[in-house]
Amino acid sequence: MTTAVPVKPRKAWTPSQIVLTLLGAAVSIVFLAPFAWGLFTSLKSETEAVEVPPHWLPEDWTGQAWKALFETGNITNWFVNSVVVSVCVTSVVLLVSALAGYGFARTEFRGKKPLMGLVMAGLMISPAVLGVPLFTTVQQMGMVDTYWGMILPQCAPAAMVYILYKFFQGIPRELEEAAFIDGAGRWRVFFTIVLPLSRPSLAAVGIFTFIASWNNFLWPYMVTNNPDLMTMPNGIATVMNSYGIQWAQLMAGGLMAGLPLIIVFVFFQRQIVAGVAHTGLAGQ
């Protein structure tokens, strides 16, 4: 004879829960509205996309904008270029930031404080200010219209060095000292103890860097005029003809460019939150 498991009555929502739910729904609608507008516009004809006053839903649903984007634009090449640049930038930034952050956090050397001050100064300088000197340097090195010209200037991230520096400071020194007593060297401690403990922060740094590199429009625009080297943001900006901007195609291209970032956020949102929590930046 089986005994029935008593079912706990569902608690009624409190006023505060109702208010927070409604507030969260309102914020979600505000953030999702641009995506919905872009999707509906991309499914309109070009004539309907520029009608005044505008309307949300297409009167004549069509995928002509998406078809034209693939036929007239080199979108596959733009996508591959964005992937190559973003992956290379992310890989180099992770390596440089981890080494520099650990060096500042755990080693003592002459000139450490001035160098750390230089890193901190990098947090206060806008990348746009460095555009002209960076372009001059890249031009003198013969890297204009090359992948390296787009990649290398994006690989000096002061913010990412600082994030990992703060995290490494929070790792107990006793773990490293125990490894030193057992005969491990500095490099072995770094690769076998420090890096495995730093996975949340490394994941956050990698995701933030990938997103920033993928969305970067200004620097690839400055350093290349070759249509075969355009990234997604630069390629989408060329979607126009003699009559002006093709808004339906522009919306379709924008959605396609944003799709990888949405996928990254959906699958790695836990790492993003955990990384921010472990870096010590949550309260700053």
Side-chain angles (χ1 to χ4, degrees), residues 8-46 48-66 69 75 78-79 82-83 86-87 90 157 159-160 163 167 199-218 231-237 239 245-284:
K8 294 182 179 180
R10 186 174 182 180
K11 294 182 180 180
W13 282 24
T14 62
S16 60
Q17 289 177 323
I18 296 174
V19 171
L20 289 176
T21 302
L22 293 176
L23 182 61
V27 172
S28 300
I29 291 173
V30 170
F31 278 97
L32 290 175
F35 292 100
W37 177 263
L39 177 61
F40 292 143
T41 303
S42 69
L43 297 175
K44 298 177 182 178
S45 64
E46 292 294 344
E48 189 179 353
V50 297
E51 285 183 353
V52 179
H55 49 273
W56 275 83
L57 296 178
E59 295 178 356
D60 182 19
W61 296 76
T62 177
Q64 185 62 35
W66 292 87
L69 185 66
I75 196 164
W78 302 340
F79 188 88
S82 287
V83 170
S86 299
V87 169
T90 301
M160 303 308 168
I163 287 174
F167 178 82
R199 287 176 183 173
S201 292
L202 290 173
V205 167
I207 292 168
F208 295 153
T209 303
F210 182 87
I211 292 174
S213 179
W214 184 277
N215 287 331
N216 194 347
F217 171 83
L218 181 60
T231 57
M232 286 292 286
N234 302 123
I236 293 170
V239 179
I245 299 174
Q246 302 296 290
W247 289 105
Q249 291 185 43
L250 187 65
M251 293 298 177
L255 289 172
M256 185 167 293
L259 183 60
L261 303 185
I262 296 173
I263 295 174
V264 166
F265 181 79
V266 168
F267 284 96
F268 296 100
Q269 56 182 320
R270 183 175 299 177
Q271 285 81 355
I272 294 174
V273 175
V276 173
H278 280 80
T279 55
L281 298 179
Q284 297 186 14

Roughly how far, to the nearest 0.5 Å, is the [atom2] atom of [Y] from the [atom1] atom of [X]?
X    : Y    : atom1 : atom2 : result
I75  : I236 : CD1   : CD1   : 6.0 Å
L202 : M160 : CG    : CE    : 12.0 Å
T41  : Q249 : OG1   : CD    : 13.0 Å
T90  : F208 : OG1   : CZ    : 12.5 Å
I211 : I207 : CD1   : CD1   : 7.0 Å

Test ring-ring contact (aromatic ring centres under 6.0 Å, His included) applied to F40 - qualifying residues, sequence neighbours left out:
none

State, to 0.1 Å, how close [X] and [Y] come at their nearest heavy-atom pair, and which atoms those are.
X    : Y    : result
G38  : M251 : O-CB, 3.4 Å
G235 : W78  : O-CH2, 3.2 Å
A257 : W214 : O-NE1, 2.8 Å
S82  : M232 : OG-N, 2.8 Å

Taking only residues two or more places apart in sequence, or in another chain, which ones meet [X] in a side chain to side chain donor-acceptor pair (under 3.5 Å)?
X    : value
S86  : none
T209 : none
W66  : S42

Quick one: do the T231 and N234 side chains pair a donor with an acceptor below 3.5 Å?
yes

Would you be so kind as to tabulate the donor-acceptor pairs closer than 3.5 Å made by side chains of residues 18-35, with sequence neighbours excluded?
from, atom 1, to, atom 2, distance (Å)
T21, OG1, Q17, O, 2.7
S28, OG, G24, O, 2.8

Going by side-chain contact (heavy atoms from CB on, under 4.5 Å), name the residues that satisfy it together with P54, two or more places apart in sequence or in a different chain.
W37

